[in-house]
Amino acid sequence: MLFGALCYQEFIMSGSENRSFYITTPIYYVNDKPHIGHAYCTLACDVLARFKRLDGYNVKFLTGTDEHGQKVEASAEKAGIDPQAFTDQVSQKFRDLTEVCNFSNDDFIRTTEERHKKACQKIWQVLEDKGYIYLGSYAGWYAVRDEAFYTETELTKGPNGEKIAPTGAEVEWVEEPSYFFKLSAFEDKLLELYENDPSFVGPDSRRNEVISFVKGGLRDLSVSRTTFKWGVQVPGNDEHIMYVWLDALTNYLTAVGYPDEESEDYKEFWPANVHMVGKDILRFHAIYWPAFLMAADLPLPKRIYATGWWTIEGQKISKSVGNVIDPLSIIEEYGLDQVRYFLLREVPFGKDGDYSKRAIISRMNGDLANDIGNLSQRVLSMVFKNCEGKIPEHGEFTDADKVLLDSVSSLHQKLRNEFDKQSFHKGLESVWEVISAANKYVDEQAPWALRKTDLPRMGTVLYVLSESIRQIAILLQPVMPQSMERMLDQLNLPADVRQFSDLTTPLASGLPIDKPQGIFPRYVEEEGA
Ligand code: MSP
């Protein structure tokens, strides 16, 4: 088992694989404050970015804000301030969220930055020069809320006879001169892409939706607007500003230095490994974006993954319902790592999920306080009290010891497999199976009884458990960075041996440990809460 793990490690360290990893979140509209749904997508990217860094990759993790478009212009107007001042304010809230949630993004892009304008105008120019953009006029339905165009057949009637897009957004009739992108020319190429590379869109259920949308026929896409001003100007025609989605999608290139295709970052990180997006914006990423890139002769991202949506206590998150949860308030209430763990463990990634107080408390008290918290607290307390505060020596391992140690050392590869498919819940499930096995092993081996009968065996049992805790804590760092840092600190493990490549170097006997403190307290509800 251990030998197998080493071989794999050597294989991937041998440079036979590309060791860079570029992951992006959607860039968030600044028409509103951040809520838990926004934090969710960035959290998933943060966990993958941290995981890959610990696994020896050179990582670039990008997030940011989408600041142009009619919706943002209207929100600024409503707030009575100019759009730039408005976007400065709201963008800062998203930046603050990255701090509060301990997100490890390497860059934070704003689409109002000069570097981005340059990238947008360049990609436009390339598309135009290659004959994929032409001037025409648009007459059709537009939903400002989605910043998206819809065909008549996609619409339904609302309660007051108004026309409604499939997303529930109201549409308005728009007639104006417009540039078009020849999306229709990419139908076959896109279908070929989905066919040849089944992992391009995940999860599979969403991939099928994308395929049937494209099979339904693609019309050329209106890519400029003339009826408002808040956007990037079309090169050579200042009457037009770019359609906000062409502008927004280009952020992924801007951040790696485009249009400079010789820049270090571009060469290292493009194409992106994963664009993580919400299910509502998959169409833009899995259809428009690869079509733009193919038209510009640029390499395509490797994977687009669509997350599900969160509801709160069964209801859609909405300002009018008044249930918009500020991520800061739940982090204050339950703790950051508890919220991070809950969001990724509770719901199969890719599916919709419901946030409820009951559900988070049950995860905190069950998985965290009882399972991992209790395991580390009771084991390290016994080591501290009964082994002179040092990791004990171990004797020969019994079958039971080997079973536990083998299951712990298989976790790294299991997590890699699951996290590479964005199956965070499954990865975590497999860690918790081992945590339960470790707790069962404590009960069966009863080291407190061995203390009176067989001290060397007690030492071996506590060694096996401490070593298991070390590996589990190293592996869980991406999900709960602060708590796992504390756990590893309690083991007195130096900061420079907490990488995944250190998993195969067993804990040294004789290492002094600190007096353990509980890391995951039980959540006790206050009377009347
Ligand atoms: N600006 C565009 C994205 C451009 S990417 C080139 C946008 N912004 S958004 O702010 O409206 O949404 C950003 C992300 O938040 C989307 O992926 C969306 O799915 C996600 N969420 C918004 N509400 C959500 C939930 N209730 N639950 C989970 N994710 C949610 O679209």
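All values reported here derive from a predicted model rather than from experimental measurement.
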Q: Distance-only, no hydrogens or angles: does the N31 side chain make a donor-acceptor pair with backbone N or O of K71 under 3.5 Å?
A: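 No, the answer is negative, given that no donor and acceptor are paired below the 3.5 Å cut-off.
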Q: Going from CD1 on I304 to NE2 on H275, what distance comes out if it is rounded to the nearest 0.5 angstrom?
A: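 Going from the CD1 atom of I304 to the NE2 atom of H275 covers 5.0 Å.
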Q: Taking atom CD of E77 as the centre, does the number of heavy atoms from other residues, nucleotides or ligands within less than 6.0 Å exceed 12?
A: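 No - once you tally the heavy atoms of other residues, nucleotides and ligands closer than 6.0 Å, there are 12 at most.
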Q: Apply the ring pair (Phe, Tyr, Trp, His ring centres under 6.0 Å) test between F149 and each candidate in Y243, W173, Y288, W141; give the one that qualifies.
A: Y243
Q: Could you report the tightest heavy-atom contact between F284 and L249, atom names first, then the distance?
A: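 Shortest heavy-atom contact: O-CD1, 3.7 Å.
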Q: Mind checking what makes side-chain hydrogen bond (donor to acceptor under 3.5 Å, both in side chains) contact with D337, not counting sequence neighbours?
A: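 D337 satisfies side-chain hydrogen bond (donor to acceptor under 3.5 Å, both in side chains) with S483 once adjacent residues are dropped.
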Q: Quick one: do E209 and R206 satisfy salt bridge (charged side-chain N to carboxylate O under 4.0 Å, His left out)? Show the steps, please.
A: CA-CA 5 Å; E209 278 171 26; R206 299 274 168 221; 3.0 Å; yes
Q: Would you please classify the geometry between the Y523 ring and the Y334 ring as parallel, tilted or perpendicular, with 30° and 60° separating the classes?
A: tilted
Q: For N105, give me all partners under side-chain hydrogen bond (donor to acceptor under 3.5 Å, both in side chains), at least two apart in sequence or on another chain.
A: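 Here no residue qualifies.
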Q: Would you say the ring centers of F51 and F500 fall short of 6.0 Å from each other?
A: yes
Q: Roughly how far, to the nearest 0.5 Å, is the CG atom of L48 from the CG atom of L43?
A: 10.0 Å
Q: Does K182 use its side chain to pair, donor to acceptor, with the backbone of G131 at less than 3.5 Å?
A: yes
Q: Taking the six-membered ring for Trp and the full ring for Phe, Tyr or His, determine whether the centres of Y252 and H285 are under 6.0 Å apart.
A: yes
Q: Checking side chain to side chain contact (heavy atoms under 4.5 Å, CB included) against W310, which of I325, D354, D352, V347 comes through?
A: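 Filter result, single survivor: V347.
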Q: Can you confirm whether K60 is buried at NZ, in the sense that more than 12 heavy atoms of other residues, nucleotides or ligands lie under 6.0 Å from that atom?
A: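 Buried by this count: over 12 neighbours within 6.0 Å.
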Q: Checking the side chain of H425 only, and the main-chain atoms of F349 only, is there a donor and an acceptor separated by less than 3.5 Å?
A: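 Yes.
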Q: Quick one: do D326 and K33 make a salt bridge, cutoff under 4.0 Å?
A: no
Q: With distance as the sole criterion, is a donor-acceptor pair present between the side chains of Y138 and S224 under 3.5 Å?
A: no
Q: Crowded around K229 NZ? As in, over 12 foreign heavy atoms under 6.0 Å?
A: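 Yes, enclosed.
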Q: May I ask you to decide whether E113 forms a salt bridge with R110, counting only side-chain N to carboxylate O separations under 4.0 Å?
A: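 No.
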Q: Is it the case that atom NZ in K118 sees more than 12 heavy atoms from other parts of the structure closer than 6.0 Å?
A: no
Q: Considering only NZ, NE, NH1 and NH2 on the basic side and carboxylate oxygens on the acidic side, decide whether E525 and K357 come within less than 4.0 Å.
A: yes
Q: Show, in sequence, the C-alpha distance, side-chain angles and deciding distance for V214 and I287, and conclude whether the side-chain contact (heavy atoms from CB on, under 4.5 Å) test is met.
A: CA-CA 8 Å; V214 175; I287 302 174; 3.8 Å; yes
Q: Pair K52, D420 - check salt bridge (charged side-chain N to carboxylate O under 4.0 Å, His left out), show working.
A: CA-CA 10 Å; K52 291 289 180 185; D420 274 343; 2.8 Å; yes
Q: Show your working on ring-ring contact (aromatic ring centres under 6.0 Å, His included) between Y132 and F186 and close with a plain yes or no.
A: CA-CA 11 Å; Y132 287 110; F186 290 90; 5.2 Å; yes
Q: Check the surroundings of atom CZ in R115: do more than 12 heavy atoms from other residues, nucleotides or ligands lie under 6.0 Å from it?
A: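 Atom CZ in R115 is crowded, with more than 12 foreign heavy atoms closer than 6.0 Å.
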Q: Checking E154 now: which residues fulfil side chain to side chain contact (heavy atoms under 4.5 Å, CB included) with it, not counting sequence neighbours?
A: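 Counting only residues at least two positions away or on another chain, E154 forms a side chain to side chain contact (heavy atoms under 4.5 Å, CB included) with Y150, T151, P166, F213, R283.
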Q: Does atom NZ of K122 have more than 12 heavy-atom neighbours, drawn from other residues, nucleotides or ligands, at distances under 6.0 Å?
A: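 Not more than 12 within 6.0 Å, no.
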Q: Strictly under 6.0 Å, is that where the ring centroids of Y134 and Y179 end up?
A: no
